[in-house]
2 protein chains.
Amino acid sequence: MSKKVTIYDIAKKLNVTAATVSRALNDNPKISDSTKKLVLETAEKMNYRQNRLAIALKSGRSNNIGVIVPRINTNFFGSVIRGIEEELNASGYQVIICQTHNDEEKEAENVETLLNSQVDAIFMSTSSRNTITFEKILKKKIPLIFFDRKKTMDNVSSVTIDDFAGGYIATKHLIDQGCKKIAHISTGDLNIEIFRERFAGYKQALYDNDLPFSEDYVLFTKSNIEDGREAVKKLFSLKNKPDAIFSASDFVALGAIQELQAMKLKVPQDVAVIGFSNEPFTNFLELSISTIDQFPLEMGRMTAKVFLEQIDSSEVEKIQKKVVLEPKLIIRKSSNRGK
Amino acid sequence: MSKKVTIYDIAKKLNVTAATVSRALNDNPKISDSTKKLVLETAEKMNYRQNRLAIALKSGRSNNIGVIVPRINTNFFGSVIRGIEEELNASGYQVIICQTHNDEEKEAENVETLLNSQVDAIFMSTSSRNTITFEKILKKKIPLIFFDRKKTMDNVSSVTIDDFAGGYIATKHLIDQGCKKIAHISTGDLNIEIFRERFAGYKQALYDNDLPFSEDYVLFTKSNIEDGREAVKKLFSLKNKPDAIFSASDFVALGAIQELQAMKLKVPQDVAVIGFSNEPFTNFLELSISTIDQFPLEMGRMTAKVFLEQIDSSEVEKIQKKVVLEPKLIIRKSSNRGK
DNA sequence: CTGTTAGCGCCTTCAA
DNA sequence: TTGAAGGCGCTAACAG
């Protein structure tokens with residue numbers, strides 16, 4: 001009652017061959033309705049369950065997709081993965097999760113393992129500087145799709161938001177509130193495209209509105225609350241203090257606000273603040289935080305869709321699709337001076 | 001350069017047999033150092049990568065673990081999965097994620113698919129009332145381990161927190177603050193053990209401290225902020241209004257506090273509030289919310305460990321281990337009246 | 001419509 | 001120490 005039931009077992013019982021059983025199970029037209037029905041019934045009765053491993057080995061397709069993220073327990077990545085899982089599951093795929101903790105080596109290991117597992121594609125939000133790991137994937141002819149933290153490469157699809165636009169509209173919004181001395185706190189280094197883009201959007205907005213750009217107003221930190229507090233301490237020790245902060249992270253924005261309030265500065269009157277990501281907590285606060293929505297759920301769904309389209313299409317031409325979602329400005333109390 | 005390299009390819013190149021290659025690759029002692037070295041080098045050179053599917057089919061072990069949760073993009077489940085992935089990855093396992101959205105049918109489907117995929121174990125936080133799905137798993141002799149939302153069954157391990165204790169210490173804490181009319185907002189129905197336990201802990205604490213229990217003070221809702229607001233409206237339309245609320249969800253606690261403040265009631269002076277889960281946002285608020293920490297990361301790690309121990313041990317006796325973590329009371333502003 | 005055969009990539013006896 | 005052969009469970013020609 002516990003050992004595995006194979007198609008041979010049910011073939012034996014019915015005095016037919018395994019091929020017949022296989023055909024019946026797969027709705028193959030070349031089979032009589034009577035035997036098909038018989039097979040299906042006994043399969044049910046014997047509690048048969050197909051072995052996807054065998055099918056995978058035979059067909060060369062595992063129906064598994066590998067997803068690599070820095071870590072899974074953040075709202076952003078959790079939501080992206082949720083979107084991926086939902087979309088893919090409906091098409092019969094399963095999702096294998098890997099975390100890198102922003103470690104390049106770990107990321108390379110994960111890729112290696114996923115390739116060994118014969119995944120049909122790899123979706124990733126990369127933490128790597130170089131691209132050799134990715135070339136390994138492409139060499140294997142398996143689709144690689146970036147989401148959020150992409151790397152610009154040929155033959156690779158990606159789903160991102162327009163981070164430049166995100167940085168731009170965030171900064172423009174602060175300018176519209178009357179701010180003239182806008183600081184920017186960036187998280188991570190500029191090797192990561194998304195942060196480089198947000199920074200570029202910030203600069204462009206300043207430029208377009210005839211505001212000077214100052215190196216002193218740009219800080220690079222990690223993405224923790226405490227980093228936000230530290231950043232504010234530094235910014236407000238300058239002789240020429242800023243009157244607004246555009247943070248590339250909601251957590252840093254929160255820390256910044258906490259520190260500003262500790263310094264008895266009014267938000268948004270004295271200093272307007274806007275974050276990035278629309279983490280749920282930004283809306284729970286008494287002083288709710290303005291931010292940029294990245295639509296992680298849609299990003300995940302879209303990533304899955306891009307893959308599904310890609311495999312549906314003729315293998316002849318490799319499609320590479322660069323989907324760019326529009327970020328959305330969400331104005332809340334931390335930056336709203338009522339125009 | 002792109003087609004799959006198998007052990008046969010490298011065998012051919014070396015004029016040996018695939019078996020020899022296999023042995024070399026697996027550090028089999030029965031092989032000369034020279035050929036082993038040669039094989040390893042050419043394998044490297046030819047960019048050989050083992051096919052885990054084939055090994056899985058051969059060995060009957062896929063080295064994949066299925067994890068089933070209601071949904072992945074919450075801090076709690078995200079953190080549990082993170083813990084699981086970290087612990088398991090170190091032992092060469094990969095994690096396949098499935099979401100149920102609290103739907104029993106979906107859960108059954110997920111189990112079915114995972115079994116077909118020959119996962120070596122299933123970890124789950126169940127949304128089901130009945131246990132027939134689980135019996136299918138056990139019949140297949142593959143380990144089933146519950147975490148958080150368990151179902152009491154034989155031959156099944158589980159890792160949970162002591163939800164009874166959680167409900168108890170939360171309620172006791174409110175009593176210690178001088179509250180006498182303590183309401184309880186439960187999320188989900190009482191078919192889910194964790195909520196039943198928290199509720200039981202609440203009642204026991206009242207009983208032990210000679211406080212009366214009243215049905216009027218117990219509400220069942222979903223787990224959204226809005227539900228918390230609604231619950232408070234109901235509770236405060238009673239003639240005999242409560243002076244404290246123990247919510248089984250942080251989100252509901254937040255909604256409750258918002259509504260209380262809207263009603264011009266002081267928290268914690270007029271009404272003390274405590275939530276459950278220690279969602280990060282509870283600590284970000286100006287009026288930080290007291291809560292019960294469930295140690296999700298540890299829970300995930302422990303779940304993985306229980307599994308690893310289980311397979312290491314002799315197969316003869318099925319170990320079933322019921323690990324119960326101690327929840328921790330976290331006192332913050334929403335309930336702290338300074339004794 | 002059904003049976004036979006072969007093979008996906010690997011490991012593991014059993015011989016040599 | 002190495003080779004030969006069989007099989008994990010399934011599907012896909014190719015026959016009949």
Side-chain angles (χ1 to χ4, degrees), chain A residues 3-40 42-43 46-64 92 113 115-120 140-142, chain B residues 3-40 42-43 46-64 92 113 115-120 140-142:
Chain A
K3 211 61 219 102
K4 304 202 173 166
V5 181
T6 74
I7 54 173
Y8 284 92
D9 298 321
I10 109 159
K12 200 182 301 170
K13 185 152 210 159
L14 261 39
N15 274 323
V16 293
T17 187
T20 304
V21 177
S22 172
R23 280 189 273 258
L25 258 21
N26 290 305
D27 256 340
N28 191 311
K30 304 176 138 285
I31 197 169
S32 74
D33 284 348
S34 56
T35 48
K36 183 195 286 191
K37 197 171 159 224
L38 200 60
V39 168
L40 259 33
T42 30
M46 295 178 74
N47 199 20
Y48 167 78
R49 194 169 276 121
Q50 69 170 3
N51 186 330
R52 294 183 77 204
L53 284 183
I55 297 174
L57 181 59
K58 176 77 180 144
S59 68
R61 301 179 56 247
S62 67
N63 269 36
N64 286 153
T113 316
L115 289 177
N116 291 354
S117 297
Q118 311 299 118
V119 292
D120 294 343
K140 280 274 179 184
K141 304 276 187 211
I142 89 151
Chain B
K3 210 62 220 99
K4 304 200 173 170
V5 181
T6 73
I7 54 174
Y8 283 93
D9 298 321
I10 110 160
K12 201 181 302 169
K13 184 152 213 158
L14 261 41
N15 275 323
V16 293
T17 188
T20 305
V21 176
S22 171
R23 280 188 272 256
L25 257 22
N26 292 305
D27 256 341
N28 190 312
K30 300 178 141 287
I31 197 171
S32 74
D33 285 347
S34 56
T35 47
K36 184 195 284 189
K37 196 172 160 223
L38 200 59
V39 169
L40 259 33
T42 30
M46 296 178 73
N47 199 19
Y48 167 78
R49 195 169 275 120
Q50 69 170 3
N51 185 329
R52 293 184 79 204
L53 285 183
I55 297 174
L57 182 60
K58 177 76 179 145
S59 68
R61 301 179 56 248
S62 66
N63 268 34
N64 287 153
T113 316
L115 290 178
N116 291 355
S117 296
Q118 312 297 118
V119 292
D120 295 343
K140 281 275 180 183
K141 304 275 187 211
I142 88 151

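Naming convention: chains lettered A, B, ... in sequence-line order (proteins, then strands); numbering from 1 in each chain. Bear in mind that the values here come from a model prediction, so they are computed numbers and not experimental data.
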Scan nucleotides 9-16 of chain D nucleotide by nucleotide, 5' to 3', and note B when protein non-hydrogen atoms come under 4.0 Å of the base, S if they reach only the sugar-phosphate, - if neither. BBBBB---

At the 4.0 Å heavy-atom cut-off to chain A, mark where contacts on DNA chain C begin and end, going 5' to 3'. C:dC1 to C:dG9

Roughly how far apart are [X] [atom1] and [Y] [atom2], rounded to 0.5 Å?
X: B:I10; Y: B:N47; atom1: CD1; atom2: CG; answer: 12.0 Å
X: B:K36; Y: B:D27; atom1: NZ; atom2: CG; answer: 4.5 Å
X: B:R52; Y: A:S62; atom1: CZ; atom2: OG; answer: 11.0 Å
X: B:D120; Y: B:Q118; atom1: CG; atom2: CD; answer: 9.0 Å
X: B:T113; Y: A:N63; atom1: OG1; atom2: CG; answer: 10.5 Å
X: A:T6; Y: A:N51; atom1: OG1; atom2: CG; answer: 9.5 Å

Note down the inter-axis angle between the two ends of the helix from C:dC1-D:dG16 to C:dA16-D:dT1, five pairs each, to the nearest 10°. 50°

Is there a donor-acceptor pair closer than 3.5 Å between any side-chain N or O of A:S59 and the backbone N or O of A:I55? yes

Indicate, with a heavy-atom threshold strictly under 4.0 Å, whether A:S59 touches base, sugar-phosphate, or nothing. nothing

At 4.0 Å (heavy atoms only), tell me whether A:T17 reaches a base, stays on the sugar-phosphate, or touches nothing. base

When you check the phosphate oxygens OP1 and OP2 of D:dT1, does a side-chain N or O of B:T35 lie under 4.0 Å from one of them? no

Before giving the answer on side chain to side chain contact (heavy atoms under 4.5 Å, CB included), spell out for B:V21 and B:L14 the whole-Å C-alpha distance, their side-chain angles and the decisive distance to 0.1 Å. CA-CA 9 Å; B:V21 176; B:L14 261 41; 5.6 Å; no

Criterion side-chain contact (heavy atoms from CB on, under 4.5 Å) against A:R23, the qualifying member of A:V16, A:I31, A:T35: A:I31

Could you check if a side-chain atom of B:L25 sits within less than 4.5 angstrom of a side-chain atom of B:Q50, using non-hydrogen atoms only? no

